[in-house]
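A short worksheet on the structure shown next.
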Amino acid sequence: MRDVAVIGIGCTNFGEVWESSFRDLFVTAGALALEDAGLSGETIDAMYVGNMSAGRFIEQEHIGALIADYAGLTTTHIPSTRVEAACASGGLAFRQAVIAVASGMEDIVVAAGVEKMTDVEPGASTDALTGAADREWEGFIGATFPGLYAMIATDYMNRYPLTREDLALVPVKNHKNGANNPIAQFRQEITVDTVLNSTLVADPLRLFDCSPITDGAAAVIVAPLERAREFTDTPIKILATAQASDTIALHDRRDISTLDATIAAGERAFRMARVEHKDIDLVEVHDCFSIAEICAIEDLGFCRKGEAGWFTREGETQIGGKIPVNTSGGLKSCGHPVGATGIKQVCEVVQQLRGEAGKRQVNGAKIGMTHNVGGTGATVAVHILGV
Ligand code: COA
């Protein structure tokens, strides 16, 4: 297997982007990534595109072909493949691109993600997202994603020392980071009171515990490490790519507030990268709801089970803390265009490792990790990147 590096990144603004269509979003992110790598479209050998539900959100399927077409790549007839794993679609698209280059099958590959979620009514977006859970045993009886994560939060808070105020510190920290991210959907800082006084969505989760409904796209370009310096002075090496699965329904899990797929993918990634927790300078985790970040930092092993509330309260997940978590603002503040999130996480880590993250820069960052979850933990992708 060959070593693989990221040579270019590009992200659109995240938010309610009325002025751009689904295809505009993708083309913008792809063009930014090509420009970043100093490449033209004809040099690309293949594309993998993460997208969860264009069929439900914009009534369009056949996304791989659509994107090759609107990216102007039909003359070279490159293979373009849609990858779907709910909110982990982006993470899996990145993994497919890395595997394609590592295997020697392809050289210059685009991994992208795109979702346009705000063109449908809120009820329709909630219902489309429920397709990431078990439709027959969860969705049909009324469970929504906020509802499922509320069950995780309730179970966790009954068993471990996490107060409602501790939980609020997760979005407070993520909004603080997101305020310094030019692409973020919500760029305002908030307080614990903002969270506690916001609308109740699914007890105990409130509006500010939830990631929003978002339009956006992100793209990265990967190449063999041995060729990377042809395109960039700062190639970022992919040290590990890992993926794991679990039951689709939450009630079939061994323990509903532990994501075993996160544990498995995390352990595989650490093994493959041959690094330890103390070597990781920052991690982008899948905080689709505040409780998800609490579970993620424990299940990835950055603190012990039951300690994430204390760990967060002590400031260990802030920039300057033991392990900065979600420097991009995470899904909560940066936004969560579901198919694009896993790629945006990679873009954030690459910016940090290049030292280009501005006011949210982690000083001297050399190794970063991404953690992208599909559903309530049925699919997890973990990547480790380093300079
Ligand atoms: N955080 C902060 N503010 C939010 C927000 C969020 N997550 N979602 C919406 N808002 C704001 C809007 O900007 C708007 O503000 P304004 O009145 O100042 O313009 C206001 O809240 C109402 O927005 P609206 O779009 O009507 O909210 P909603 O009630 O329809 O949706 C949620 C709110 C939380 C239900 C929705 O964002 C949601 O479903 N989130 C979860 C998404 C999800 O499950 N993703 C997959 C996870 S695996």
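Remember, it's 1-based here, ligands and their atoms both numbered in the order they're listed. Given the structure is predicted, the values throughout are model-derived calculations rather than measurements.
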Answer yes or no for [atom]: protein heavy atom present at a distance under 4.0 Å?
atom: atom 23 (O) of ligand 1; answer: no
atom: atom 29 (O) of ligand 1; answer: no
atom: atom 19 (O) of ligand 1; answer: no
atom: atom 1 (N) of ligand 1; answer: yes
atom: atom 15 (O) of ligand 1; answer: no
atom: atom 41 (C) of ligand 1; answer: yes
atom: atom 48 (S) of ligand 1; answer: yes

What residue and heavy atom of the protein are closest to [atom], and at what distance?
atom: atom 8 (N) of ligand 1; value: Leu207 CD1, 3.7 Å
atom: atom 43 (C) of ligand 1; value: Leu129 CD1, 3.5 Å
atom: atom 39 (O) of ligand 1; value: Ile213 CD1, 4.0 Å
atom: atom 13 (O) of ligand 1; value: Phe186 CE2, 3.7 Å

Check whether the side chains of [X] and [Y] place a donor and an acceptor atom closer than 3.5 Å, and report yes or no.
X: Thr118; Y: Asp215; answer: yes
X: Thr130; Y: Asp127; answer: no
X: Glu106; Y: Tyr48; answer: no
X: Thr214; Y: Glu115; answer: no

For ligand 1, is there an N or O atom under 3.5 Å from any N or O atom of [X]?
X: Thr126; value: no
X: Cys210; value: yes
X: Lys332; value: yes

For a 4.5 angstrom cut-off between non-hydrogen side-chain atoms, does Ile67 reach Ile63? yes
Given the side-chain rings of His286 and His336, with only the six-membered ring counted for Trp, is the space between their centroids under 6.0 Å? yes
Please compare Thr144, Ile190, Val201 and report which has the shortest non-hydrogen distance to atom 35 (C) of ligand 1. Val201
Between [Y] and [X], does any NZ, NE, NH1 or NH2 come within less than 4.0 Å of an OD or OE carboxylate oxygen?
X: Glu314; Y: Lys322; value: no
X: Lys173; Y: Glu293; value: yes
X: Arg164; Y: Asp203; value: no
X: Arg354; Y: Asp233; value: no

Distance filter under 4.0 Å to [X] heavy atoms, resulting ligand 1 atoms:
X: Pro122; value: 30 (O)
X: Phe145; value: 44 (O), 48 (S)
X: Phe289; value: 41 (C), 44 (O), 47 (C)
X: Cys87; value: 48 (S)

Do the rings of His175 and Phe208 sit parallel, tilted or perpendicular, given the 30° and 60° boundaries? tilted
The reported gap from CG in Leu250 to OH in Tyr149 (rounded to nearest 0.5 angstrom) is 8.5 Å
With heavy atoms and a 4.0 Å threshold, my read on which part of Cys288 contacts ligand 1 is side chain
